[in-house]
Amino acid sequence: MSFKVTSLFSGCGGMDLGALGGFEYQGKHFEAHNTEIVFSSDIDKYAVDIYNNNFNHKSILGDIRELKDEIPKHDILIGGFPCQSFSIVAQNPPRLGYKNDTGKLFFEMVDVLKKIKPSVFIAENVKGILSANKKQAFPLIINAFEEAGYYCCSEILNASKYGIPQKRERVFIIGFRDKNAFDSFCFPKENEEVIPLKKVIFSECSIDEKYYFSEKAVQGMLKNKEKMNKGRAQNINEPCNTITAHLSKASLNSVDPVLFINDKYRRFTPREAARIQSFPDDFEFNTSDTRAFKAIGNAVPPVLMWNVMNNIIKALSDCKYIKNSAA
Ligand SMILES: C[S@@+](CC[C@H](N)C(=O)[O-])C[C@H]1O[C@@H](n2cnc3c(N)ncnc32)[C@H](O)[C@@H]1O
């Protein structure tokens, strides 16, 4: 019998792919977890289209506040709840943390936990959540999860320590209903091996002209470089800086990572961005570059999630977990 998973805010499915396993990345096989997704949804049509193109089960398009009653019984709830209002990148308008509607969406996860009582939940968000609302937002969120009946722990995980060529740091909050399972759980151990960016980018001769910045853009950036600390050309011998949903708008005057190779500046291609996020090459993004970049940049790296889910399943098995009534 498999663990039934519900996925909220599923986007194009980075977190979901990691929760399921059964994929290849950079010559490594990430074996299938004993899981199945029984409910998945997102409000973004284009992300849902990508999702539905890649999984056998379907993600439902809609606002979770209106779909909650359709959620079936499950064992594990997962969700990278929207982060815009917690992100330090998003200073304009200023961070509102839990005080705006988007920032309150984690309560949707809390409501599901109260109603369905799955054994475990996994929530993911940006590091800015720790400092949002003068550091008041995070304890409030943890408190809400605890009041729903969960023993909670949290950790900042850096994707580059898990075989992913990106220095992406994200907060994972994990909660168990069962104290023994909670005590058996530990966050995944970091790898020794670091994957440099050069392992996942394509050779310049295969890159379409449209990904290169114009001479005018380069000159403008060079003129302002000292003053503006812009032009974030990446060292390809190291993991890449964090890529975000803004990648579609990457310019030489933004903070988004770009490449400087053979004396030319360029953006990443969507496939390179997908690899930087640890999506397997057979995960399809049959859409415009803008939509693909948004979905990819928003995603939880599948390999990172795979590692987290692996330890969750170990913890449940270690304490001879007996599944709840979802079976
Ligand atoms: C950080 S992204 C999640 C990415 C996803 N976990 C992945 O790994 O690919 C947050 C998602 O929440 C979705 N979202 C925002 N508001 C929503 C709402 N009211 N109902 C459902 N989904 C919503 C966004 O469209 C976005 O895809």
Side-chain angles (χ1 to χ4, degrees), residues 5-21 23 25 37 39-55 57-71 76-87 89-90 96 98 100-112 121-129 157 159 162 164 166 168-173 242-248 270 273-274 276-280 283-285 287 290-309:
V5 178
T6 277
S7 167
L8 305 191
F9 316 111
S10 54
C12 71
M15 200 171 192
D16 298 35
L17 182 60
L20 290 172
F23 63 94
Y25 176 68
I37 294 182
F39 180 92
S40 162
S41 83
D42 197 281
I43 202 168
D44 180 337
K45 177 188 180 324
Y46 304 115
V48 169
D49 284 348
I50 298 171
Y51 189 108
N52 288 340
N53 216 9
N54 284 284
F55 294 95
H57 63 278
K58 295 293 168 216
S59 180
I60 302 171
L61 175 65
D63 187 326
I64 192 58
R65 289 166 289 199
E66 282 151 27
L67 288 172
K68 257 188 305 191
D69 291 343
E70 295 181 28
I71 297 177
I76 304 174
L77 175 68
I78 64 175
F81 54 90
C83 61
Q84 293 91 325
S85 52
F86 299 114
S87 170
V89 181
L96 291 167
Y98 63 82
N100 78 356
D101 275 0
T102 313
K104 289 195 180 93
L105 283 169
F106 75 91
F107 279 122
E108 302 307 314
M109 289 188 77
V110 173
D111 286 353
V112 175
F121 78 84
I122 308 171
E124 182 264 6
N125 215 273
V126 293
K127 233 171 62 167
I129 200 173
L157 301 182
Y162 297 91
I164 299 164
Q166 186 187 179
R168 187 186 194 88
E169 290 187 303
R170 289 292 183 264
V171 176
F172 279 78
I173 308 169
T242 303
I243 62 164
T244 69
H246 309 118
L247 209 57
S248 63
I276 292 168
Q277 279 280 58
S278 77
F279 279 95
F283 198 96
E284 292 176 13
F285 296 91
T287 185
T290 306
R291 289 169 190 162
F293 280 134
K294 183 175 175 202
I296 294 167
N298 266 337
V300 176
V303 167
L304 183 57
M305 180 63 183
W306 185 92
N307 279 284
V308 173
M309 188 56 113

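In each ligand, atom 1 is the first atom listed, and ligand 1 is the first ligand listed. Worth knowing before you read on, the calculation uses all heavy atoms, side chains too, and leaves out hydrogens, waters and symmetry mates.
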Looking at ligand 1, does any of its N/O atoms fall within less than 3.5 Å of an N/O of A299?
no
Smallest heavy-atom separation, I243 atom then A273 atom, equals CD1-O, 3.5 Å
Worksheet entry | Whether N54 side chain and E284 backbone form a donor-acceptor pair below 3.5 Å | yes
Hits for ring pair (Phe, Tyr, Trp, His ring centres under 6.0 Å) against F121, two or more places apart or cross-chain, chain-then-number order -> F145, Y150
Close approach, A47 and ligand 1, non-hydrogen under 4.0 angstrom
no
A student checking ligand 1 against D44 at a 4.0 Å heavy-atom cut-off should list atoms 25 (O)
Looking at D49 and R291, is any side-chain nitrogen of the basic one under 4.0 Å from a carboxylate oxygen of the acidic one? no
A student checking ligand 1 against R65 at a 4.0 Å heavy-atom cut-off should list atoms 19 (N)
Contacts of K58 meeting salt bridge (Lys or Arg N to Asp or Glu O under 4.0 Å) (sequence neighbours excluded), chain-then-number -> none
Does an N or O from D42, backbone or side chain, lie closer than 3.5 Å to an N or O of ligand 1?
yes
The atoms of ligand 1 lying under 4.0 Å from a heavy atom of C12, numbered in the order shown, are 9 (O)
Checking heavy atoms under 4.0 Å, the part of L105 that sits near ligand 1 is side chain
Are S41 and ligand 1 in contact, using a heavy-atom cut-off of under 4.0 Å?
no
Nearest non-hydrogen contact to atom 19 (N) of ligand 1 from the set D63, N125, I78 belongs to D63
Check against side-chain hydrogen bond (donor to acceptor under 3.5 Å, both in side chains), S7 and D16: CA-CA 7 Å; S7 167; D16 298 35; 2.9 Å; yes
For G14, the ligand 1 atoms with a heavy-atom partner under 4.0 Å come out as 7 (C), 8 (O), 9 (O)
**Request:** Quick one: do Y51 and S40 satisfy side-chain hydrogen bond (donor to acceptor under 3.5 Å, both in side chains)? Show the steps, please.
**Result:** CA-CA 10 Å; Y51 189 108; S40 162; 3.2 Å; yes
With heavy atoms and a 4.0 Å threshold, my read on which part of A295 contacts ligand 1 is neither
Review point. Counting N and O atoms only, with roles assigned by atom type, does the side chain of E108 sit under 3.5 Å from a partner on the main chain of I64, one being a donor and the other an acceptor?
Key: no
Note: ligand 1 atoms sitting under 4.0 Å from heavy atoms of S10 are 5 (C), 7 (C), 9 (O)
Under 4.0 Å from one or more heavy atoms of M15, ligand 1 contributes atoms 6 (N), 7 (C), 8 (O)
(Q) Taking the ring of F283 and the ring of F23, is the distance between their centroids below 6.0 Å? (A) no
Ligand 1 atoms nearer than 4.0 angstrom to some heavy atom of G62 are 20 (N), 21 (C)
- prompt: Do any nitrogen or oxygen atoms of P82 come within less than 3.5 Å of a nitrogen or oxygen of ligand 1?
  reply: no
TODO: Determine whether I76 and M309 make a side-chain contact, defined as any pair of heavy atoms from C-beta on separated by less than 4.5 Å.
DONE: yes
